[in-house]
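Notes follow once the structure below has been shown.
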Amino acid sequence: MEYNFKQVEKKWQDRWEETGVFHAKNDYSKPKYYCLVEFPYPSGQGLHVGHPRSYTALDIVARKKRLQGYNVLYPMGWDAFGLPTENYAIKNHIHPEIVTKQNIAHFKAQLQALGFSFDWSREINTTDPDYYKWTQWIFLQLYKKGLAYKKEMAVNWCTSCKCVLANEEVVNGVCERCGSEVVRKVKSQWMLKITEYAQRLVDDLDDLDFIERVKTQQKNWIGRSTGAEVDFEAETGDKITVYTTRPDTLFGATYMVMAPEHALIDQWADTITNMDEVAAYRAAAAHKSDFERTEVNKDKTGVELKGVKAINPVNGKKIPIFISDYVLASYGTGAIMAVPAHDTRDWEFAKKFGIPMVEVVKGGDIEQEAFTDCASGVMVNSGFLTGLTVDQAKLKIIKYLEKEGKGRAKVNFKLRDWVFSRQRYWGEPIPIVKCEKCGYVPLPESELPLKLPNVESYEPTDNGESPLANLTDWVKTTCPCCGGPAERETDTMPQWAGSSWYFLRYCDPHNSEALASKEALEYWTPVDWYNGGMEHTTLHLLYSRFWHKFLYDVGVVPTKEPYQKRTSHGMILGENGEKMSKSRGNVVNPDDIVNEFGADTMRLYEMFIGDFEKAAPWKTSSIKGCKRFVDRFWNLQEIVADGDSIRPALESVFHKTIKKVTFDIDNLKANTAIAALMSLLNEIYETGSISREELRIFTILLNPFAPHVTEEMWEIQNFGGAVTGASWPTYDEAKCKDSVIELAVQVNGKIRARITVDAEISNDDALAAAKAAPAVAAEIDGKTVVKEIYVKGKLVNIVIKK
RNA sequence: GCGCUUGUGGCGGAACUGGCAGACGCGCCGGAUUUAGGAUCCGGUCCGAGAGGGUGCAGGUUCGAUUCCUGUCAGGCGCACCA
């Protein structure tokens, strides 16, 4: 009997939709489980084969948890604001809202064809005013707490598109889309103070069940470093504060370097004797794009500030001051003390400019290269620090500086505040007005949502303003504070805004009074398991943790962290092992696979393709193995025999398989779970029949992976109700064990025999049986046995002297 | 340069805390069925005739190493003058 997957899959997808069987219940007395996958950006290209990898993995978890009796929330929605839609709208003069609607319909149909058990009654869409009302509301709370502020910032400006680009859209110094030159333009931008949360964003990772590489990548991105600030005095009497992680090397500071943008330089304009040269260098640095600045990084450049020297606070020595673009204005204090003997960059610079070096940590050869090792080495030429280790010296010098008032311990972060403005149409309007009298005034919450107005053209304006800036009627408004004339903010929020809190909305998606009710949040949060791509580790994941912590601080959410567990899937590559892309011509369309092989087979293949966390190349020819598995499962009907128990011969393998599948699903190892089910199926076929109870259990075990064929099987076999209402089978640890086992017998580590023994055999009996095996006996005959090892249930190793 | 990560048959990949390397699947070979092909079913498949040799390479620890340690090579990802 051939399995008609097309008919069966459609039948069950329709039935799931009708019965709402996967809707999360609002019964807060049951144990809950919240599974989350990153909601997609509904692009015009439709679903990619990469999407179902993540969705299937957590669909399996969600389905299993339901069978285990949990109230499961497994929702889906649309992260629908964003550039590609806007660009499509510009090109084709179609409203982005319409494009978005079409794309969502297409995506949703594709997802439903794969049989995911999403709770579609909780579907959300970031571009829906009922949704972004709350995105705007959160922004207002941030503003009220002083965490949103405006700042003059250099932004990326594409000369051809005449628009502002996000950093991610600038590739190798040119526009990602058109390849034209990108220049810097100074604009006033909304910023969010994520730096205020830097410390907590690092510390709180400790209590989370995130995979290690996600934690390290977040930590590296936040870039916490501990050191000290040291105050140098200039001959002018001004204080120059520097940040250093190596205060122990202070006696080796032979010059200072300031960022070209440093404010003191202007103050010293009359004192500096070579101001022309200095000004020229500063102008050149200002013109360089970030790209150029990092490209030139091989060769250090700089100019000495002649006429001003600084005084080293520990030894009173006068040292020269340089400006150089290898010192960044945006990190630390924008100035450093340079210790060429013990810092690679300072060493290069000093070599080039002929500045003397002073070795203050012994252990390297500073003529050859800077000695930067902290772990070994003893302080020399360092006054009261001489003779100490580096660590001791760090503590002592900080104590000294603090006592003298010349410095202090200091922690710094690489993390910068979040640039929150986009000069774009297709995003959430920022709910702020600018009043000449009152300054920036937040809209009253009663006026939310501030809806996106219709515009004629979505194209950004020539001067880099958002398309909204052309809508005079919309821009001109009255000040909520004084009632006088005011102007609306015309920038919109970045795409990261809507996705920073979406998982909260799923808890209570139709609430018009709050972003979600307190009860719903208490019950559902935190997300128990969140899976997504590594590409979102540093932006989305960090941003949403930041917003969540803020919402916690203002009493909106009950948990400090949004996600308890975070895992990450590897990419699915093209058949040639390269990243799938249109231009490489190696894109696989999931629709084609579903049409040809069916959704169950597609799901199985996506899981069976390899280690979930690693990248894996797609191979269409391998799919048939999964198709055969589905068909062979279906054909079990032909050999089903009466019997309401597991036959004794299969008891141990059944219990082992239940154990393995249960364990593997929880550990993201669907690939080996499927392999175990395939093995079990092979064993069943070897016996020539299957009992009804065996088929019932097999059907439940396979259900999370292949939901359609198992539903149909359940119904045909009349197992009662639907398989989605069944209970996940349990295993008996005692029955997982075999009564007789095969031991490998080694002599000096080489296998010489295999013996079959009772599983509970004693140590001595095992060794005796091993030595009695003919091949072993022959080899050890007349030799001295040095050692005998029995590893329970596995092997025996006899070590003899040669 | 720094951080993370990977390296196992023709291919995708298995192997729990050091204990029988290659599970499961693809492909391939042989057979059955078929007018033929496809599909299906059965058997075989790391290399080597064999002793033996095999987890990128070279060492080390161990009775025993894909697993631990040292060095080295190659690929992938991320960050990139962060003082």
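These values consider heavy atoms only, across backbone and side chains, with no hydrogens, waters or symmetry-generated copies. Please read all numbers here as calculations on a predicted model, not as lab measurements. In what follows, chains carry the letters A, B, and so on, assigned in the order in which the sequence lines appear, proteins first and then strands, with residues in each chain numbered from 1.
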Check every strand shown and say whether [X] touches a base, only sugar-phosphate, or nothing at a heavy-atom separation below 4.0 Å.
{"X": "A:Glu788", "result": "nothing"}
{"X": "A:Ser225", "result": "sugar-phosphate"}
{"X": "A:Asp611", "result": "sugar-phosphate"}
{"X": "A:Ile609", "result": "sugar-phosphate"}
{"X": "A:Leu795", "result": "base"}
{"X": "A:Ala615", "result": "sugar-phosphate"}

Please enumerate all residues that pass salt bridge (Lys or Arg N to Asp or Glu O under 4.0 Å) together with [X], with sequence neighbours excluded.
{"X": "A:Lys394", "answer": "none"}
{"X": "A:Glu733", "answer": "A:Lys659"}
{"X": "A:Lys351", "answer": "A:Glu367"}

Note to self: Would A:Glu578 and A:Arg584 count as a salt bridge (Lys or Arg N to Asp or Glu O under 4.0 Å) here? Give the steps.
What the structure shows: CA-CA 8 Å; A:Glu578 289 174 21; A:Arg584 290 190 177 90; 3.0 Å; yes
Margin query: For RNA chain B, report each stem as range with range, ordered by first number, or say none. Use Watson-Crick or G-U wobble pairs under 3.5 Å, at least 3 in a row.
Written below: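 Expected stems, ordered by start: B:1-7 with B:73-79, B:10-12 with B:24-26, B:27-32 with B:40-45, B:56-60 with B:68-72.
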Item checked: Worked verdict on A:Glu613 versus A:Arg213 for salt bridge (Lys or Arg N to Asp or Glu O under 4.0 Å) -> CA-CA 11 Å; A:Glu613 301 207 42; A:Arg213 58 195 170 122; 3.1 Å; yes
Item checked: Inter-nucleotide C1' distance (B:U62, B:U67), Å rounded ->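 Comparing C1' positions in B:U62 and B:U67 gives a spacing of 13 Å.
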Checklist line | Nearest-angstrom distance, C1' atom, B:A36 to B:A51 | finding: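 Here B:A36 and B:A51 have their C1' atoms 47 Å from each other.
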Notebook entry, point to check: Nearest-Å distance, NZ (A:Lys669) to P (B:C16)?
Noted result: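 Interatomic distance, NZ of A:Lys669 to P of B:C16: 8 Å.
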Can you name the ring pair (Phe, Tyr, Trp, His ring centres under 6.0 Å) partners of [X], sequence neighbours left out?
{"X": "A:Tyr731", "value": "none"}
{"X": "A:Trp618", "value": "A:Tyr605"}
{"X": "A:Phe232", "value": "none"}

Margin query: Give me each pair satisfying side-chain hydrogen bond (donor to acceptor under 3.5 Å, both in side chains) with a member in residues 327-343 of chain A, each pair once, sequence neighbours excluded.
Written below: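 Listed by first then second residue: A:Ser225-A:Tyr331, A:Ser330-A:Arg416, A:Asp343-A:Arg345.
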Check: Just by protein heavy atoms under 4.0 Å, how would nucleotides 23-29 of chain B read 5' to 3' in B, S and -?
Finding: BBSSS--
Notebook entry, point to check: Nucleotide by nucleotide, 5' to 3', does protein get under 4.0 Å of the base (B), only the sugar-phosphate (S), or neither (-) in nucleotides 43-55 of chain B, counting heavy atoms?
Noted result: ---------SS--
Margin query: Among B:A83, B:C81, B:C63, which nucleotide has an atom closest to any side-chain atom of A:Tyr326?
Written below: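 When the side chain of A:Tyr326 is considered, B:C81 is the closest of B:A83, B:C81, B:C63.
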Note to self: By nearest atom, which of the nucleotides B:G19, B:C81, B:G7 is closest to the A:Asn797 side chain?
What the structure shows: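 For A:Asn797, the side-chain atoms sit closest to B:G19.
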Notebook entry, point to check: Can you say whether the rings of A:Phe353 and A:Phe349 are parallel (under 30°), tilted (30 to 60°) or perpendicular (over 60°)?
Noted result: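 Rings of A:Phe353 and A:Phe349: parallel, as their planes differ by under 30°.
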Margin query: Is there, by distance only and without an angle test, a donor paired with an acceptor across the side chain of A:Lys300 and the base of B:C81 below 3.5 Å?
Written below: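 Present.
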Margin query: For B:C16, does the base pair up with any side-chain atom of A:Lys794 as donor and acceptor (N or O, under 3.5 Å, distance only)?
Written below: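 In this structure, the two groups form a donor-acceptor pair.
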Item checked: Side-chain heavy atoms of A:Lys406 within contact of A:Leu250, under 4.5 Å ->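 No, their side chains stay 4.5 Å or more apart.
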Only distances under 3.5 Å count here; give the side-chain donor-acceptor pairs of residues 669-678 of chain A to other protein atoms, sequence neighbours excluded, each with its distance to 0.1 Å.
unit_1   : atom_1 : unit_2   : atom_2 : d
A:Thr672 : OG1    : A:Asp664 : OD2    : 2.9
A:Thr672 : OG1    : A:Lys669 : O      : 3.1

Protein and nucleotides 3-5 of chain B: nitrogen or oxygen contacts under 3.5 angstrom:
unit_1 : atom_1 : unit_2   : atom_2 : d
B:G3   : O2'    : A:Asn220 : ND2    : 2.8

